[in-house]
Amino acid sequence: MFLIGGAPEAPAGTLPRAMSIEKSTEPGRRRLRPRLPAVLRDEPQYRLLFTGQVLSILGDRMTGVVLPFAVLATGGGVGGVAIVSAAQFLPFAVLALPAGVWADRLNRKRIVIASDVTRLLCQLAAGLLLLAGTAHVAQLAALAAVYGAADAFFAPAFTGLLPGTVAPANLQPANALRGLSYSVGAIVGPVLGGLLVAYAGGPGGAFLFDAGTFAVSVACLIPLRPRVVARVMHGEDPQASTTHFLTSLKEGWSEVRRRTWVLAFLGGMASYHVVVLPSIFVLGPVLAADTMDGAKSWALITAGFGLGCVLGDLLLLRWRPRFAVRVAALMLIGASCQAAFIGSGAAVVAIAGLEVLAGICVTGCFTLWETSLQEHIPDRALSRVSSYDYLTSAGLIPVGNLVAGAVSAGIGVRPALLGMSVLGIATAGVVASVPAVRRLPRGATPTATPTT
């Protein structure tokens, strides 16, 4: 059993609590049997949610790699790839805040199911068109836009839904397990995508596989009975469904503005996604192509980062820091070193080793931040507040990519990478110095309402 809620470590010389002892059929001999993390073993509603999401996340990570090849298979070029990618992103940026409002006003479970069904149909249509050889860039762009819109509604609704499937003490392990599925999916997804493209009819087969993962997710969500849904719809905020939409939107911003720690951390996350993250999406691959061994070097570096993410997620299954946001801010400082690691000029193996540390910090920061929102933001406003988080993170990535490209063209790739980390570390340091960030304790329940 994984340690939760600050339980003491096992005494030296005893067996780890993640294992149990079972008598074997032979007298005098014992064997060890691995046990599930407590959040999976003790939370049946979370098991349903997690089971559906594991496959869905794997499919998402797989199609993210396959999508450019799908566009190229239709005869499109680099411009077509850019158009389809932008079509999938833009609805998310436009709809993130409205989606947060609807997720707080309506039944979150139904929103998540509707999003999964919509994305299932999009991937099914794309897969069939690709397999039939009749797909065009315009069709893929339209399907990507619908997919992105559904994704925009899924994200804040899921953030608000998850706390209703676990006890408050299990929020962090639940988020850590979900983060672990992202980390493992980022490693396994591209490999699986490559195999499906090679042996299952090209990109179309990969899209059909992704459609199947959404079907599994829907099948797991239908019997889900989260506690939060009943409280939101029938008890905590009976006027939510009749409040004017713009009023609900303003109330969401009020929930953000009245909490200094949320405002500070949103600024830090915006800085990370605009200033630091382009080192992964834009400048890192360029530097690897120019001064390293190209794709092989970059694969090793990103593998190091993925390993770090897995280790960080496993760490947070066991470790529950007393001041979660404070630790998240310190980890944001470590995460902001990522660009400098890549631009350090060190050997590729050394950079990959440093990226292990960066991966631990990145996933630790994100998990503790999301857990803190779920612990301290009232359930009636959680989706709206999380929508600001999505907007200041995923919504700003294209801006950062454009700025990083322009700056590197003027001063060079390596100086730009070092400057990105300097600015990111400085901003994260400011976030860590905010008194409300340093002093915020763990929340006792998801409905606590601290105001500073």
Side-chain angles (χ1 to χ4, degrees), residues 52-96 99 110-155 182 185-222 281-282 285 295 394-395 397-398 401:
Q53 287 303 300
V54 165
L55 272 179
S56 181
I57 289 169
L58 176 63
D60 289 346
R61 291 297 179 265
M62 176 192 66
T63 53
V65 175
V66 172
L67 181 60
F69 297 97
V71 176
L72 296 174
T74 68
V78 175
V81 173
I83 289 172
V84 174
S85 298
Q88 184 167 325
F89 159 76
L90 286 176
F92 194 99
V94 173
L95 295 173
R110 293 175 183 171
I111 292 175
V112 170
I113 290 176
S115 172
D116 274 357
V117 170
T118 301
R119 291 183 292 175
L120 183 161
L121 295 174
C122 287
Q123 301 302 73
L124 179 62
L128 293 176
L129 288 171
L130 287 164
L131 288 176
T134 58
H136 301 288
V137 171
Q139 293 169 327
L140 294 181
L143 290 170
V146 176
Y147 184 102
D151 202 27
F153 280 88
F154 175 88
Y182 277 109
I187 298 172
V188 178
V191 176
L192 179 59
L195 291 174
L196 289 172
V197 169
Y199 301 107
F207 276 83
L208 291 183
F209 178 89
D210 194 24
T213 67
F214 284 118
V216 173
S217 179
V218 171
C220 292
L221 286 167
I222 289 174
F281 292 141
V282 180
I397 289 176
N401 289 348

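Side-chain atoms are counted along with the backbone in the values below, which use heavy atoms only and exclude waters and symmetry mates. Just so you know, residue 1 is the first one in the sequence shown, and it goes up from there.
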Under 3.5 Å, sequence neighbours excluded: what are the donor-acceptor pairs made by side chains of residues 112-126?
{"from": "S115", "atom 1": "OG", "to": "R119", "atom 2": "NE", "distance (Å)": "3.4"}
{"from": "S115", "atom 1": "OG", "to": "A150", "atom 2": "O", "distance (Å)": "2.7"}
{"from": "D116", "atom 1": "OD1", "to": "R119", "atom 2": "NH2", "distance (Å)": "2.6"}
{"from": "D116", "atom 1": "OD2", "to": "S217", "atom 2": "OG", "distance (Å)": "2.6"}
{"from": "T118", "atom 1": "OG1", "to": "A114", "atom 2": "O", "distance (Å)": "2.8"}
{"from": "R119", "atom 1": "NE", "to": "S115", "atom 2": "O", "distance (Å)": "3.4"}
{"from": "R119", "atom 1": "NH1", "to": "D151", "atom 2": "OD1", "distance (Å)": "3.0"}
{"from": "Q123", "atom 1": "NE2", "to": "D210", "atom 2": "OD2", "distance (Å)": "2.8"}

[X] to [Y] - nearest heavy-atom pair and separation:
X	Y	value
A141	A87	O-CB, 3.4 Å
C220	G52	SG-N, 3.8 Å
A149	P91	N-CB, 3.5 Å
D60	Y147	OD1-OH, 2.8 Å

TODO: With sequence neighbours excluded, tell me which residues meet side chain to side chain contact (heavy atoms under 4.5 Å, CB included) with L192.
DONE: L58, M62, L196, F209
Task: salt bridge (charged side-chain N to carboxylate O under 4.0 Å, His left out) partners of residues 129-140, not counting sequence neighbours, each pair once - done: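 Residue pairs passing salt bridge (charged side-chain N to carboxylate O under 4.0 Å, His left out), neighbours aside: none found.
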- [ ] State whether the side chain of T63 and the backbone N or O of G59 hold a donor-acceptor pair below 3.5 Å, judged by distance alone.
- [x] yes
Task: R61: side-chain hydrogen bond (donor to acceptor under 3.5 Å, both in side chains) partners, not counting sequence neighbours - done: none
Task: Value rounded to 0.5 Å, distance of CD1 in I57 from OG1 in T213 - done: 10.0 Å
Open item on the list: Using 0.5 Å steps for rounding, measure from the CG atom of L140 to the CG atom of L67.
Closed with: 7.5 Å
Open item on the list: Does anything in residues 187-197 form a side chain to side chain donor-acceptor pair (under 3.5 Å)? List the pairs, not counting sequence neighbours.
Closed with: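 Found none.
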Task: Note, L129 side chain near L143 side chain (heavy atom, < 4.5 Å) - done: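 Yes - at least one pair of side-chain heavy atoms lies under 4.5 Å apart.
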Task: Residue pair L131, F207: steps toward the side-chain contact (heavy atoms from CB on, under 4.5 Å) verdict - done: CA-CA 10 Å; L131 288 176; F207 276 83; over 6 Å; no
TODO: Using the test ring-ring contact (aromatic ring centres under 6.0 Å, His included), find all partners of F154 that sit at least two apart in sequence or belong to another chain.
DONE: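 If we apply the ring-ring contact (aromatic ring centres under 6.0 Å, His included) test to F154, skipping adjacent residues, the hits are F158.
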